[in-house]
Amino acid sequence: MADLHKNSAKILVFSTEKISDPAIDMAGLLKLHYPPTVYTITIPCSSGIKSSWILHAYQKGFDGVFIAADGSDCVYGESCTEKTGRLVGKTHELMKAEEIDPARLRMAAICSVCSESFVKQIRSFNEYLLKTLHP
Amino acid sequence: MKKKKIGVYICHCGGNISDYVDVEKVRQAVEGEDIVFLAKTTMFACSDSNQREMVEDIKVNNLDGVVVASCSPKLHLLTFRNVSVRADLNKYTYVHANIREQASWAHSDNKTGATEKAIHLVKAAIAKSRYAEALETNKVKAIKSVAVVGAGVAGMKAAISLSDKECDVVLIEKESFVGGRVAQWDSLSTTTETGKEMISRLYNDLIKRENITILTNSEVIGNKGSVGNISLTIKKTPRYINGSCHPEDLKRAIAICPVEVPDEFNFRLTTRKAIYKNYPSEYPQTPVIDLKNCTRCGACEKVCPTVDFSEKEEILDFSVGSVLMATGFDSYTPAYGEFGYATLENVITLPQFKRLIDTQYGKLTYKGKEIKNIAYIYCVGSRQVDGENTYCSRNCCTSTIHAALTAKSKFQDINNFHFNRGLRTYGKQEILYADSLRSGDIYLQSYEDGLPTVTTEGKKTLVKINDILTNGRKMEVEADLVVLVTGMVPRADNSVGSLFKLPKGRDKFYNEIHMKLRPVETVIDGITIAGACQGPKNIAESVNSALSAATKSYSILSKGELETDPLVASIDPEKCTWCGACEAACPFDAILKVETDQKVIAEINNTVCKGCGMCAPVCEPDAINLIACSSDEIMSMIDALA
Amino acid sequence: MKDTETDIQDNTNPGSPLGARGEIEKGKTAKYLREKLGGISEQAKENLKEFNRIKKLMLDALGEEDLTVKQLTERLNMPSDEVVYYLMSLVKYGFVKTGDIDDMDEYYTYKLNK
Amino acid sequence: MSMDVQKKNMNYDALVIGAGIAGGEAALNLANTGYKVLLVDKELSVGGKMIMLSKVFPTLDCAACITTPKVSEISRHPNITVFIGSEVGRINKLSENEFTAQVTRKPRYVHVEDCTACQLCEKACPVNVRDQYQFGLIGRKAAFIPFSICSPKAAAIDIDNCTLCGACERACPTNCIDFTMEPETLELHVKTIVIATGFNLFDPMNMPRYGYGQYKNVITALQMERELAPTRPFNTILRPGDGKVPDRLAYVLCVGSRDASVGNPICSQICCMYSIKQAQLLMGALPMADVTIYYINIRSFGKGFEEFYQQAKGMGVNFVKGKIGKISEKENGNLMLRYEDINEGKLKETEHDLVILSTGVLPNAGIDRLFENEKLSLDSFSFIGQSDMLASPAKTSIEGVFVAGTATGPMDIPDSILSAGAASSEAISYLIQHA
């Protein structure tokens with residue numbers, strides 16, 4: 001594990017069952033590689049993520065948390081984008097209070113075919129986390 | 001609570017997983033977990049023999065649940081839930097771990113990393129399994145009625161097929177007339193029937209059925225509910241013609257109408273009036289007044305008593321169990337100047353050419369000039385190297401050759417020159433290609449890096465190519481008419497698709513769940529797709545997919561009842577203090593304010609709740625959890641992944 | 001096996017007099033068919049003989065040293081494609097296993113699976 | 001003859017002939033709607049040709065991952081009865097929704113319900129013959145499990161090659177082997193029929209200039225398919241002539257397709273794509289190898305196909321537009337391909353060490369002869385004729401008889417599945433309308 005950390009940060013991804021999961025699956029199908037210390041937890045909708053989960057991940061040693069949000073494609077309605085944005089904002093405040101770099105929480109809209117965009121986002125996030133946390 | 005006993009199965013997937021993930025190492029890493037009673041590896045977890053073994057294991061060892069680590073749950077979650085059910089377990093005790101798409105394939109460049117990740121993913125699944133409880137599915141009444149959106153050949157066939165199965169159908173067409181693209185064609189390959197005749201045949205079949213409602217000039221503008229009971233709001237624009245119009249009156253009305261606009265039915269080759277019908281036998285037989293272009297001069301009203309400008313737009317509500325999308329395709333419109341399109345006057349598209357040869361007799365002329373030499377440039381808007389349309393449009397090679405042969409047999413002295421990129425007359429269509437070669441058509445081919453050019457020299461239009469079939473020789477044809485073989489593109493107007501949140505594929509057509517396992521279903525439960533809205537198809541292929549989609553929509557509803565996941569939100573009445581935040585967050589009005597034991601709290605209406613979880617993070621006292629996605633489960637998964 | 005009037009279940013087998021006729025013992029039915037047919041086909045007999053002969057030759061040769069297909073072809077003086085077929089069958093049945101590949105990454109050596 | 005036919009009391013709503021991917025899909029659709037289905041196949045397993053494949057284009061899913069769950073669902077569906085190792089005989093239409101069909105069940109000599117697939121019989125059997133499920137690349141026993149993911153997973157006895165030594169019986173722990181089994185012919189009543197008899201592949205022995213059969217390093221694409229499958233015969237890619245790991249492989253497309261001289265002028269629709277798929281898999285399995293595809297036109301017309309073709313080019317697969325004239329063999333087993341390079345207009349010759357013939361799709365003839373009192377029309381290529389090809393592709397010349405999959409002509413797996421969807425839709429409608 002120690003070796004793995006040299007070039008890959010530990011990232012928890014919250015992904016949604018119907019929209020971003022298919023993109024992440026397709027990234028695998030197309031063998032678009034990304035660091036193997038990126039783990040996905042699937043939830044129905046990105047606007048259902050609790051701040052407490054994200055903070056728990058940092059406590060447990062995750063370097064970063066990435067929300068693969070539904071964006072405007074959300075099957076539960078357009079308010080998803082705004083609500084997810086709000087909970088990210090709230091979590092950022094909580095992170096600041098606990099002196100965690102807010103940039104360790106990232107969000108991007110990943111639609112069902114955004115495999116390349118997902119991998120790009122994760123790679124850049126990984127670089128950022130390695131630079132700031134494991135220089 | 002008694003300690004659980006679970007079984008874990010780690011799949012080789014015949015090398016797809018085990019070539020990169022050391023499955024035995026994964027097995028050893030998880031077999032010691034406290035609730036794991038047995039852990040096995042298997043060549044194909046989904047195989048019949050392994051499924052039987054799982055059932056046996058569960059029964060013999062009284063397991064409380066199983067975890068399978070294999071491919072994406074999109075493929076086989078249901079397979080293994082069913083295995084659990086066969087072993088008398090509740091299907092919600094099953095937990096899936098995806099170690100193929102998200103481990104072995106994603107990290108095929110790093111076997112150690114892939115194995116480590118697989119171990120963590122399986123441990124997280126085991127953690128989730130600890131909390132996975134038996135749940136009762138929600139039973140929902142299914143309305144035995146299907147809305148078919150789009151009355152082209154796919155939609156019409158789907159409607160007939162559903163009606164045959166004693167299922168009510170509402171067939172919704174945005175245009176004023178049914179028949180879609182096929183109604184625009186006369187001669188079709190492989191049959192002597194014209195496109196118009198085929199549509200007439202289907203329409204005559206449709207209208208004699210009492211369980212089909214046909215709505216033309218109609219669009220779905222609202223959508224509520226979910227599979228089994230979907231409420232649609234439909235806007236129906238009036239035809240402004242009341243009752244059946246007398247043919248003679250109509251002729252007079254059309255003659256007198258002073259408006260002339262480009263006729264889309266003939267791909268703008270001709271014009272039509274503001275009151276019109278596209279062709280005499282068109283359905284419905286009532287003409288329509290195109291109010292956007294009508295000047296309200298009132299001339300038609302005077303000669304045709306059925307004209308009625310007082311008709312109002314109607315808003316209709318329909319409740320259906322399933323929606324079948326058959327919204328078709330658009331024909332690619334070349335860019336300004338692409339092979340001379342819109343800049344040279346004798347450059348037209350394939351659909352325009354087809355209308356041209358259908359509507360002319362004796363001599364083939366375009367803009368007053370007689371046509372003898374025709375150059376066809378293939379793959380315009382398809383197989384693009386620089387553009388977004390990287391796909392092949394499948395049908396255009398055959399369609400072009402058929403049109404070229406039709407032109408040759410209908411008009412004299414036609415010379416066809418096909419500037420192609422490799423002919424794709426697949427299957428039996430090959431015969432048509434052979435016929436064309438025999439008739440003397442000339443084929444010239446290029447690769448994508450040496451496409452033909454269209455230039456003018458004086459009054460001449462020249463098409464030039466370095467022909468790879470003759471050793472890259474520079475060839476030049478003086479063409480009277482250049483036909484751009486334009487392919488199929490997704491509908492520019494995707495309003496109905498976005499209304500239902502239908503996902504699109506890389507080619508921007510609607511995407512099926514799985515090309516081979518579930519080819520007509522979408523990730524939106526109860527919405528099926530048929531015909532060319534899913535990707536380029538010819539008529540027979542569209543019909544096959546339409547009938548498949550009809551069967552699928554029907555089978556969802558045929559029992560009159562369907563089961564939905566009970567994965568809804570739940571409220572802890574102890575913690576809830578009713579602040580109303582959840583009610584405001586819920587997009588489905590599933591949260592009610594109730595009074596119990598002198599306390600006002602929130603309550604979830606389980607039949608309305610869709611389990612999105614939007615209410616959970618906004619709850620200050622943290623009283624809301626999603627079943628199967630509770631904080632306990634997520635936190636324990638995070639612990640296992642850390 | 002089943003009463004003729006009942007519906008036949010999935011994947012059951014065609015009719016068999018076993019059980020109906022007391023004299024044929026379960027587990028010893030090959031003898032019954034041999035007697036009924038009056039022996040077995042010459043071709044099947046020949047094929048078995050040939051396989052046993054080649055199997056013995058191959059296993060003996062590999063017993064001396066590890067060999068490639070080419071070397072076996074020379075030792076056994078038989079066509080190399082036949083060698084591949086029989087050798088790979090013996091790998092499948094567990095008599096032989098695949099060893100290392102040569103420096104050119106072209107030919108594997110094969111050895112006895114002890 | 002009629003003396004032998006047992007008129008058992010067997011009635012089904014639908015008879016589906018052929019348990020490949022199309023027949024299986026049609027049977028499941030009918031059964032899930034509540035109809036009783038009899039599914040008949042002449043092979044020892046359901047799954048048809050697809051279950052034998054490695055991975056499938058353009059998604060590179062493994063074929064087993066798609067077929068096995070369907071096969072498993074078929075075998076346990078309460079509304080589906082499966083007769084494998086069985087052939088349909090004469091069929092008569094008695095009235096609007098009443099057909100009689102004779103089905104002959106060949107003995108497997110194993111009681112499937114008792115077999116645990118322990119393979120002890122296989123171990124005990126002394127016989128070795130070429131394994132038809134590995135297309136002759138390797139041997140199998142006369143007592144054998146057809147292949148690892150077959151369904152039902154049970155042993156069978158190859159009676160033609162069995163020496164009746166009895167070793168298998170003695171080894172069998174459940175006493176499920178039974179040489180007293182005899183063929184039986186049943187007559188059943190059904191209300192509708194779906195024909196899903198699939199296709200045959202062109203036999204390249206009919207094109208001697210390619211040397212198939214004579215040159216051992218000329219193989220068919222289906223043989224390569226087995227070499228690439230998870231249950232592969234050699235556990236790596238070897239050329240069958242001498243066990244060499246190949247490094248200059250060539251695909252010859254349109255073998256027995258688009259070729260009026262061998263009686264098959266039509267395009268087989270799948271060979272370009274399966275060859276491109278195999279080339280991609282070979283690039284993965286043999287990273288140092290050169291793979292060349294000799295083609296006339298690449299027909300990557302389906303959803304995601306063109307992108308898949310471009311992906312193969314990107315991986316380094318070499319595409320040569322050329323017609324192969326003749327193949328000859330060198331002493332070391334390598335092959336010289338003489339071809340006309342269409343781009344350069346020259347005759348050329350190149351050396352390869354393994355040549356794969358992408359053989360075309362031919363009709364699986366004979367089904368029309370089973371219909372005794374009605375005529376099942378064929379098209380001009382002997383595929384089953386479609387009476388209303390564009391508007392109702394699953395309808396045949398006989399009302400109540402429908403056709404699914406490649407029985408009507410070449411098509412790929414997604415199209416076969418959609419065509420099976422259409423056939424079952426028509427059959428369900430027919431059953432409801434003629435209830």
Side-chain angles (χ1 to χ4, degrees), chain C residues 1 4-18 21 24 26-34 36-37 39-41 43-45 47-48 50-52 54-55 68-70 72-73 79-81 83-94 98 101 104-108 110, chain D residues 6 8-10 75-76 80-84 105-108 110-113 123 126-130 136-142 152 154 160-166 168-170 172 175 177-184 186 216 233-236 238 240-245 247 288 333:
Chain C
M1 283 284 281
T4 50
E5 280 303 305
T6 58
D7 257 13
I8 294 211
Q9 294 303 303
D10 296 20
N11 304 330
T12 56
N13 291 281
S16 138
L18 219 170
R21 298 190 202 169
I24 309 167
K26 250 188 171 182
K28 291 184 180 169
T29 58
K31 203 173 123 227
Y32 156 85
L33 188 58
R34 205 164 43 226
K36 191 182 152 203
L37 299 173
I40 60 166
S41 84
Q43 208 199 325
K45 234 186 272 178
N47 178 54
L48 176 59
E50 176 77 350
F51 174 59
N52 284 335
I54 293 170
K55 178 176 157 192
T68 63
V69 171
K70 221 178 202 167
L72 267 170
T73 303
S80 58
D81 63 297
V83 172
V84 173
Y85 162 64
Y86 284 108
L87 184 66
M88 295 326 281
S89 301
L90 292 177
V91 172
K92 174 177 164 183
Y93 303 144
T98 308
I101 195 162
M104 300 290 290
D105 283 344
E106 286 185 337
Y107 293 95
Y108 286 94
Y110 297 88
Chain D
Q6 298 177 47
K8 291 195 180 178
N9 186 17
M10 295 171 80
S75 68
R76 81 167 69 81
I80 302 179
T81 303
V82 186
F83 280 3
I84 47 160
R105 313 186 71 202
K106 290 172 286 185
R108 191 184 181 110
V110 172
H111 290 282
V112 170
E113 64 281 14
K123 259 195 197 105
V127 175
N128 181 60
V129 292
R130 290 199 184 253
L137 292 170
I138 192 171
R140 62 150 171 83
K141 300 300 185 72
D160 295 333
N161 290 294
C162 175
T163 58
L164 293 172
C165 68
C168 53
E169 278 189 288
R170 289 190 293 277
C172 178
N175 268 332
I177 296 172
D178 177 1
F179 286 98
T180 69
M181 283 184 179
E182 277 167 22
E184 66 175 355
L186 309 168
K216 302 300 175 188
F234 304 151
N235 208 28
T236 177
L238 300 178
D242 63 356
K244 179 176 177 267
V245 179
D247 66 0
M288 303 304 291

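Numbered from 1 within each chain, the chains take letters A, B, ... in sequence-line order. All values derive from a computational prediction rather than experimental measurement.
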Response to the item:
Whatever's closer than 4.5 Å to a heavy atom in chain D on C:Ile40 counts as side chain
Item to complete: Go through D:Thr180 and C:Leu33 one step at a time and tell me if the side-chain contact (heavy atoms from CB on, under 4.5 Å) criterion holds.
Response: CA-CA 7 Å; D:Thr180 69; C:Leu33 188 58; over 6 Å; no
Discussion item. Heavy-atom cut-off 4.5 Å, strictly under: side chain, backbone, both or neither for C:Leu37 against chain D?
Written reply: side chain
Worksheet item: Quick one: does C:Tyr108's side chain get under 4.5 Å of D:Leu238's, heavy atoms only?
Response: yes
Worksheet item: How many angstroms lie between CZ in C:Arg34 and CZ in D:Phe179, if you round to the nearest 0.5 Å?
Response: 9.5 Å
Worksheet entry | Reported CD-to-CG distance for the pair C:Gln43 and D:Asp160, which is rounded to 0.5 angstrom | 9.0 Å
Practice prompt. Could I get the full list of side chain to side chain donor-acceptor pair (under 3.5 Å) partners for C:Lys36, not counting sequence neighbours?
Written response: D:Glu182
Discussion item. Run C:Tyr93 and D:Lys141 through side-chain contact (heavy atoms from CB on, under 4.5 Å) and show every step you take.
Written reply: CA-CA 9 Å; C:Tyr93 303 144; D:Lys141 300 300 185 72; 3.5 Å; yes
Fill in: C:Ile101, part contacting chain D, at a heavy-atom distance under 4.5 Å
side chain
Worksheet item: Atom OG1 of C:Thr29 and atom CD of D:Glu169: how far apart are they, to the nearest 0.5 Å?
Response: 3.0 Å
Item to complete: Enter the distance from D:Ile138:CD1 to C:Leu87:CG here, rounded to the nearest 0.5 Å.
Response: 9.5 Å
Practice prompt. Give a yes/no verdict on a cation-pi contact between D:Lys216 and C:Tyr85, requiring under 6.0 Å between NZ or CZ and the six-membered ring centre and an angle within 45° of the axis.
Written response: no
Worksheet, complete the sentence: For D:Gly166 and C:Ala30, the nearest pair of non-hydrogen atoms, with its separation, is CA-CB, 3.7 Å
Response to the item:
Between C:Ala44 and D:Cys162, the two heavy atoms sitting closest are CB-O, 4.0 Å
Fill in: D:Gly241 versus C:Ser80, closest heavy-atom pair with distance
O-OG, 2.7 Å
Fill in: Trace of the side-chain contact (heavy atoms from CB on, under 4.5 Å) decision for D:Arg140 with C:Lys92
CA-CA 9 Å; D:Arg140 62 150 171 83; C:Lys92 174 177 164 183; 3.7 Å; yes
Discussion item. Determine whether D:Val129 and C:Phe51 satisfy the following criterion, side-chain contact (heavy atoms from CB on, under 4.5 Å), listing intermediate values before the conclusion.
Written reply: CA-CA 9 Å; D:Val129 292; C:Phe51 174 59; over 6 Å; no
Worksheet item: Is D:Thr163 reaching over with its side chain to a backbone N or O of C:Lys45, donor-acceptor style, under 3.5 angstrom?
Response: no
Worksheet item: Any side-chain donor paired with an acceptor under 3.5 Å for D:Asp178 and C:Tyr32?
Response: no
Response to the item:
Most heavy-atom pairs under 4.5 Å with chain C, out of D:Asn235, D:Thr236, D:Val245, belong to D:Val245
Practice prompt. Identify, with sequence neighbours excluded, every residue that meets side chain to side chain donor-acceptor pair (under 3.5 Å) alongside C:Glu106.
Written response: none
Practice prompt. State the CG-CD1 distance between D:Asn128 and C:Ile54, to the nearest 0.5 angstrom.
Written response: 9.0 Å
Fill in: Between CG on residue D:Asp247 and CE on residue C:Met104, distance to nearest 0.5 Å
8.5 Å
Worksheet entry | Test item: side-chain donor near acceptor, D:Asp242 and C:Tyr107, under 3.5 Å | yes
Worksheet item: Which bit of D:Cys168 comes within less than 4.5 Å of chain C, counting heavy atoms only: side chain, backbone, both or neither?
Response: neither
